[in-house]
Amino acid sequence: MRLLLHCCCGPCATEVVDHFRGLGCEVAGWSFNPNIHPEEERARRQRTLAEAARRMCLPLVEGDSGERGGEEMGLAQFLLALARREGRRCRACYELRLGATAREAAGRGFDAFSTTLLISPYQDTSALAKIGRQVGERHGVEFRFADLRGSYGESIERAREMGLYRQNYCGCQFSALERAERRAGRAIGKARARLARGREPEP
Ligand code: SF4
């Protein structure tokens, strides 16, 4: 079976590629992540994926089959989807990326498609499964689901061994802001605790 694997980043690709290869699939990777902000971060993740693919002998499918208009158009679609689906940001993001992957897989004659997002404990696996099946049916190509969250630790270890860059936020501007908020909240909590113990907050 030829499988087109949507790759969110290099570190997550490591174990997911091995999983599908272990099932006998001939895997090719494809990166479509117009949600990632800013542009330099997206370019850095792309370079990291290219390095991981080189090390794993994973062919990467370049470009698109011409209907979608590339990641620039994808960013506009992403922002539009968010405006229409307020409060369901990640679902809109999955629909955009998995929908494009299903279309690409069908257009290039793959038997199935899947996504490296399935390894992340930070993603909504049930939503990915549901949306993957829906877009697969729409484009007439099978979505291969596997709950791979148990292998997340191994993917981190593999990325360390390979010296791959590992990002510390999901990708979009909102997730970057949420990370900054969490960090600020922790810093404030620590400063309050020190003050409560009669100490000066750390500079
Ligand atoms: S947090 Fe991640 S999955 Fe959710 S919208 Fe942002 S980039 Fe997409």
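Order of listing sets the numbers, starting from 1, for every ligand and every atom in it. Because the structure is a prediction, the values reported are computed rather than measured.
Interface atoms of ligand 1 facing Cys93, defined by a heavy-atom separation under 4.0 Å, are 3 (S), 5 (S), 8 (Fe). Close approach to Gln123 involves these atoms of ligand 1, each under 4.0 Å from a residue heavy atom: 3 (S). Under a 4.0 Å criterion applied to the non-hydrogen atoms of Asn35, ligand 1 contributes the atoms 7 (S), 8 (Fe).
Put simply, part of Arg97 is less than 4.0 Å from ligand 1, judged by heavy atoms.
Nearest protein heavy-atom contact of atom 2 (Fe) of ligand 1 is Cys170 SG, 2.3 Å. In this structure, atom 6 (Fe) of ligand 1 lies nearest to the protein heavy atom Cys172 SG, 2.3 Å. The protein heavy atom nearest to atom 1 (S) of ligand 1 is Arg89 NH2, 3.4 Å.
Note that Arg97 lies outside the cation-pi zone of Phe32, set by a 6.0 Å cut-off to the ring centre and a 45° limit from the axis.
Of the charged side-chain nitrogens involved, at least one lies within less than 4.0 Å of a carboxylate oxygen, so that Arg45 and Glu41 count as a salt-bridged pair. The existence of a salt bridge linking Arg54 and Glu51 is confirmed by a sub-4.0 Å separation between a basic side-chain nitrogen and an acidic carboxylate oxygen.
Atom OH of Tyr152 sits in a crowded spot, with more than 12 heavy atoms from other residues, nucleotides or ligands closer than 6.0 Å. Heavy atoms from other residues, nucleotides or ligands lying under 6.0 Å from CZ of Arg194 number more than 12.
Contacts between Cys90 and ligand 1 below 4.0 angstrom, taking non-hydrogen atoms only, involve backbone and side chain alike. In Ser175, the part holding a heavy atom less than 4.0 Å from any atom of ligand 1 is the side chain.
Side-chain contact between Thr115 and Thr101: absent, with no pair of heavy atoms (C-beta onward) separated by less than 4.5 Å.
Rounded to the nearest 0.5 angstrom, Met56 CE and Arg21 CZ are separated by 7.0 Å.
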